[in-house]
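Below is one structure, written out as structure tokens, with a few remarks after it.
Keep in mind that this is a model prediction, so the values were computed, not measured. Here is how names work: the chains are called A, B, and so on, in the same order as the sequence lines, proteins then strands, and each is numbered from 1.
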2 protein chains.
Amino acid sequence: MPGKTTSEQIVETADRLFYEKGYEHTSFADIAAEVGISRGNFYHHFKTKDAILNAVIDLRLINTRAMLEQWEQDGQTPEDRIRCFIRILITNQTKIMEYGCPVGTLVSELAKLNHAALADANRLFTLFRDWLSLQFKALGREEDAEELAMHLLARSQGVATLANAFHDETFIRAEVDALSMWLHERAREAA
Amino acid sequence: MPGKTTSEQIVETADRLFYEKGYEHTSFADIAAEVGISRGNFYHHFKTKDAILNAVIDLRLINTRAMLEQWEQDGQTPEDRIRCFIRILITNQTKIMEYGCPVGTLVSELAKLNHAALADANRLFTLFRDWLSLQFKALGREEDAEELAMHLLARSQGVATLANAFHDETFIRAEVDALSMWLHERAREAA
DNA sequence: GACATATTAGGACGGTCGCCCTAATTTTGA
DNA sequence: TCAAAATTAGGGCGACCGTCCTAATATGTC
């Protein structure tokens, strides 16, 4: 990774490995090996594994906020913007089928580990929820915006989980289409 | 646990701990301590950790089959029976909010670990899917029974994941109600 | 050029892991 | 009744874990 500091490389590699192998199953040695540094050097940048996890969560929050802002520019209508969210399931299809949803699987794992960073990881979920809620409000669903946001979030999570379990591309397409129709219907009701 | 063999106690304790703490995060020592036996004794019953996992998966398959059969007796119509499935989200509310769905979280973890038992664990999903598919067929939805089954499975997974993340009881109720209405609509269309 | 700081490598620490062995005890059954 | 089998306890093995230390090198900074 050219033009990146060692710390950045560590966090980005940890981000990927935590997603692909899980937090607990990823060791200092794994990350150090992939970055190409010694474990001693590693310790200089991050004192504990928890510190890396926090950095990874912060990075994901930053990247997610950037993505949401991008969608606000891409999508002209709130409906378009929400559709951007739905389409992640297609965009990230391959990775989702292999590793599930990065947010959902991390939160699940941290919940089982009783890990202190669980609350931080959950901010990824609330970030999506609040953004979706905002879009639904802009769509004219002031009353039930948050419920709609939670519903959409849940549907996406479910699709990701089953896509991971069944490796079924057709299923993803069908559910994405159903979600698009559901969204359009909610928009139509509001108008 | 009176009237249970040591092997049974081990498998049942492992079943619970794998659910609550995750497979990897549960050690031989954890299980042995909860059962109240030594690690040496443990080894006599199960040579490897994989063997325990296989036994746990087998137990879950057996328990699930028993539950499905029970539902076939409880529910008089296919719609009633599918509603039994939906209602697990209410029945197991507390545990789901704390640990997520036992099937979904196990499959997710094994997928990340690249564990050989992943295919076996997935049989839990296919068991539910096939049973639901059968019920939808009995409901008169021969054409799209499997899609409906997958859809319902996904919705349940999503609800479980978000219930675990947000600890929101109201959300579960709302989604269960929505699922019930969705089911009723599918039944109505068939009739 | 000299000195402080930042970065790096490599190894060692205590602890826990899954796994395995042996020996004692209990249970079984011919 | 008594030997075989099943069950149990307890300890130990090598490997890996997160963590930490020291020493060497690189990078400024005056």
Rounded to whole angstrom units, what separation is found between the [atom1] atom of [X] and the [atom2] atom of [N]?
{"X": "B:K47", "N": "D:dA6", "atom1": "NZ", "atom2": "P", "answer": "11 Å"}
{"X": "A:H45", "N": "D:dG18", "atom1": "NE2", "atom2": "P", "answer": "18 Å"}
{"X": "B:F46", "N": "D:dT7", "atom1": "CZ", "atom2": "P", "answer": "12 Å"}
{"X": "B:I37", "N": "D:dA6", "atom1": "CD1", "atom2": "P", "answer": "18 Å"}
{"X": "A:F42", "N": "C:dA12", "atom1": "CZ", "atom2": "P", "answer": "21 Å"}
{"X": "A:R39", "N": "C:dG11", "atom1": "CZ", "atom2": "C1'", "answer": "8 Å"}
{"X": "A:I10", "N": "D:dG18", "atom1": "CD1", "atom2": "P", "answer": "14 Å"}

* Asked: What is the distance from atom CG of A:D15 to atom CD1 of A:I57, rounded to the nearest 0.5 Å?
  ->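 Separation between the atoms: 10.0 Å.
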* **Rounded distance (nearest 0.5 Å) linking atom CG of A:L89 with atom CD of A:Q93** =>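 A:L89 atom CG to A:Q93 atom CD measures 9.0 Å (nearest 0.5 Å).
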What I want to check is whether the side chains of [X] and [Y] have a donor and an acceptor closer together than 3.5 Å.
{"X": "A:D130", "Y": "A:S133", "value": "no"}
{"X": "A:S27", "Y": "A:D30", "value": "yes"}
{"X": "B:R155", "Y": "B:H151", "value": "yes"}

Consider the side chain of [X], meaning its heavy atoms from C-beta on, and name the nucleotide among [options] that approaches it most closely.
{"X": "B:Y43", "options": "C:dC20, D:dT19, D:dT8", "value": "C:dC20"}
{"X": "A:S38", "options": "D:dA9, C:dT8, D:dT19", "value": "C:dT8"}
{"X": "A:H44", "options": "D:dG12, C:dA6, D:dT7", "value": "C:dA6"}
{"X": "A:N41", "options": "C:dT7, D:dT19, D:dT8", "value": "C:dT7"}

Expected rows: protein N/O vs nucleotides 13-17 of chain C N/O, under 3.5 Å:
{"from": "C:dC17", "atom 1": "OP1", "to": "B:S27", "atom 2": "OG", "distance (Å)": "3.4"}

* Among residues two or more places apart or on two chains, list those pairs meeting side chain to side chain donor-acceptor pair (under 3.5 Å) that have a residue in residues 161-171 of chain B. =>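 Side chain to side chain donor-acceptor pair (under 3.5 Å) check on residues 161-171 of chain B returns no pairs.
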Would you mind writing out the side-chain donor-acceptor pairs for residues 45-53 of chain B within the sub-3.5 Å range, not counting sequence neighbours?
{"from": "B:H45", "atom 1": "ND1", "to": "B:S7", "atom 2": "OG", "distance (Å)": "2.8"}
{"from": "B:H45", "atom 1": "NE2", "to": "B:N41", "atom 2": "OD1", "distance (Å)": "3.4"}
{"from": "B:T48", "atom 1": "OG1", "to": "B:A51", "atom 2": "N", "distance (Å)": "3.1"}
{"from": "B:K49", "atom 1": "NZ", "to": "B:Y23", "atom 2": "O", "distance (Å)": "3.0"}
{"from": "B:K49", "atom 1": "NZ", "to": "B:E24", "atom 2": "O", "distance (Å)": "3.4"}
{"from": "B:K49", "atom 1": "NZ", "to": "B:T26", "atom 2": "O", "distance (Å)": "2.8"}
{"from": "B:D50", "atom 1": "OD1", "to": "B:Y23", "atom 2": "OH", "distance (Å)": "3.2"}
{"from": "B:D50", "atom 1": "OD1", "to": "B:H115", "atom 2": "NE2", "distance (Å)": "3.1"}

* To do: Considering just the side-chain nitrogens and oxygens of B:T6, establish if one lies under 4.0 Å of OP1 or OP2 belonging to D:dT7.
  =>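 So the side-chain polar atoms of B:T6 never come under 4.0 Å of the phosphate oxygens OP1 or OP2 of D:dT7.
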* Side-chain heavy atoms of A:F128 within contact of A:T64, under 4.5 Å ->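 A:F128 vs A:T64: side chains touch.
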* To do: Would you check if A:F136 and A:L183 make a side-chain contact, meaning some heavy-atom pair closer than 4.5 Å?
  =>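 The answer is yes, as the side chains (C-beta and beyond) meet within the 4.5 Å cut-off.
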* Structure fact -> Once base and sugar-phosphate atoms are separated, protein heavy atoms under 4.0 Å mark nucleotides 22-27 of chain D, 5' to 3', with B, S and - as ------
* To do: Tell me, please, which residues at least two apart from B:F42 pass ring-ring contact (aromatic ring centres under 6.0 Å, His included).
  =>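 Per chain and number, B:F42 pairs via ring-ring contact (aromatic ring centres under 6.0 Å, His included) with B:F28.
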* So A:F125 and B:F166, would you call those rings parallel, tilted or perpendicular, with 30° and 60° as cut-offs? ->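 The arrangement is tilted - the two ring planes meet at 30° to 60°.
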* Asked: Above 12 or not: heavy atoms from other molecules or residues under 6.0 Å from CD of B:Q70?
  ->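 Enclosed.
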* To do: Mind listing the residues from residues 106-114 of chain B sitting with a heavy atom below 4.0 Å of DNA chain C? Number order is fine.
  =>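 Contacting residues: none.
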